[in-house]
Amino acid sequence: MEKANEVHKLEIQTLDRLAAFPNRPACIEPFDRLFRDRLREKELAADDRAVVGQFCNFVPEELVLAVGAQPIRIDSGCHYSARQGSKSLQADVCCAVRSLAGLAAAEDWPFSALDLIVAVTSCDGKKKFAETLSNQHDVFVLDLPQSNLGERARQWWLGEIRRLVERLQKLTGKKISRRSLKEAIELTNKRVSLARKLNQLRKSERPPINGADAMLVMQTSFVADIEWWLEKTEKLVEELEKRQADKVGSLPLARILLTGSPVLWPDFKLVELLIKSGADVVADEMCSGTQRLYNPTVVDEWTKPGLIRAAAERVLLPCTCPCFSKGARLDRLTELVNNYKVDGIIHHSLRLCQLYGLDSQTVASQFKKRRLPWLEIHSEFGPEDAGRMNNQIEAFIEMLQVDR
Ligand code: SF4
Ligand code: SF4
């Protein structure tokens, strides 16, 4: 109980800091309250539907919804649980995995709610951590192909997703029908279309929502009931459209594109420091941000196998995660740079995150060739490195202003 309070306390501290930024939209309040009052934890405790957790975004949530279960993404940026996790996990792994290990060891939310964990062989940290969890939880592992391009990868993944369908049906005792999957796809596609609308608004000269609140909205989708999220985001987008028309919102000193290791709730330190320095994150290419809700399920055959294939392809083909040997990350970053009038790119590398540590050099060299300012920031969860990060950010913003 004491541990749960520590994690929750950190969440409330982050929410209080976000609330102190000027000019917030009124409709952000339900998203704040979802985390502040731990509404979803209470809701799921009183709900008898099965809860299926995943670590990344590779489990098509439409399949989970179609068997009548509740999908959630399990991830944590809590430095308190990362410290606890270091006790149960002896290996030298990134703080995102250690934080999950701390929550799992304490059986804290969201682990307390889970009936099934679907792990994916994405990065080594998560892959190996999932194995340790199988003593404690029901864990189902999906094997990702090494590349997400080409027919071989596509067929392999479809086979994995078919195995997942069997497992999900066994969990709830409900068979996926063409109708239930079609309805679920309609919901997840509506979520994508709303998230896209919200992100489009950030292209404005004065974004009507700051980068931290936009990230909060994306990350509430990790756990929120999808219909709840759609209702609240629809209202928020309406308000943002009005704010945009009325030119309400701050004019950032520099427009930043954020990429790299995921920024995870409640550690929004990097985005907070950028806003405090007068800049703003107007776009991101993170699996914990825009990428999570960017790609719709594109159906070309409305049969049950056709819908399953479309769901499988949605999470694989356009994915920009560098766990794949050849990926779409560079193209996606270029698209964002071109569309969001970006002044500079910040690459976030969590300590011991090899995926991004290794990928950053290749990606950085492409943007350096184009003379687009690039800053590499290394961090860990928690406040300890905030001073050093702040110095780096301030120097970068100053340089961008001189270049403007
Ligand atoms: S970066 Fe890739 S491996 Fe890491 S959490 Fe995101 S999707 Fe998973
Ligand atoms: S931060 Fe990097 S190493 Fe850690 S879980 Fe995410 S992708 Fe894996």
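For the numbers below, each heavy atom of this structure counts, side chains included, while hydrogens, waters and symmetry mates do not. Counting convention: from 1, in listed order, for ligands and their atoms alike.
For atom 6 (Fe) of ligand 1, the closest non-hydrogen atom on the protein side is C287 SG, 2.3 Å. When only non-hydrogen protein atoms are considered, atom 8 (Fe) of ligand 1 lies nearest to C56 SG, 2.3 Å.
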In residues 110-117, what donor-acceptor pairs under 3.5 Å come from side-chain atoms, sequence neighbours left out?
unit_1 : atom_1 : unit_2 : atom_2 : d
S112   : OG     : W109   : N      : 3.4
D115   : OD2    : V51    : N      : 2.7

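Between the side chains of R388 and Q392, at least one donor N or O lies within less than 3.5 Å of an accepting N or O. N199 and R202 share a side-chain donor-acceptor pair at under 3.5 Å. A donor atom on one side chain and an acceptor atom on the other are found under 3.5 Å apart for S81 and S99. When only modelled atom types and interatomic distance are considered, S86 and R83 share no side-chain donor-acceptor pair under 3.5 Å.
Proximity to S122 (heavy-atom distance under 4.0 Å) selects the following atoms of ligand 1: 3 (S). Of all atoms in ligand 1, numbered sequentially from 1 with element shown, those under 4.0 Å from a heavy atom of C321 are 1 (S), 2 (Fe), 3 (S), 7 (S).
For the pair R98 and F381, the cation-pi criterion (under 6.0 Å, within 45° of the ring axis) is not fulfilled.
For atom 1 (S) of ligand 1, the protein comes within 4.0 Å by at least one heavy atom.
Among the backbone and side-chain atoms of C323, no N/O/S atom is found under 2.8 Å from atom 6 (Fe) of ligand 1.
For atom 4 (Fe) of ligand 2, the nearby protein N/O/S atoms, meaning those under 2.8 Å, are C94 SG.
In summary, the aromatic rings of W374 and F396 are positioned with their centroids too far apart to meet the 6.0 Å limit.
Remark: E239 engages no residue in a salt bridge (charged side-chain N to carboxylate O under 4.0 Å, His left out) (not counting sequence neighbours). Residues that satisfy the salt bridge (charged side-chain N to carboxylate O under 4.0 Å, His left out) test with E227, not counting sequence neighbours, are absent from this structure.
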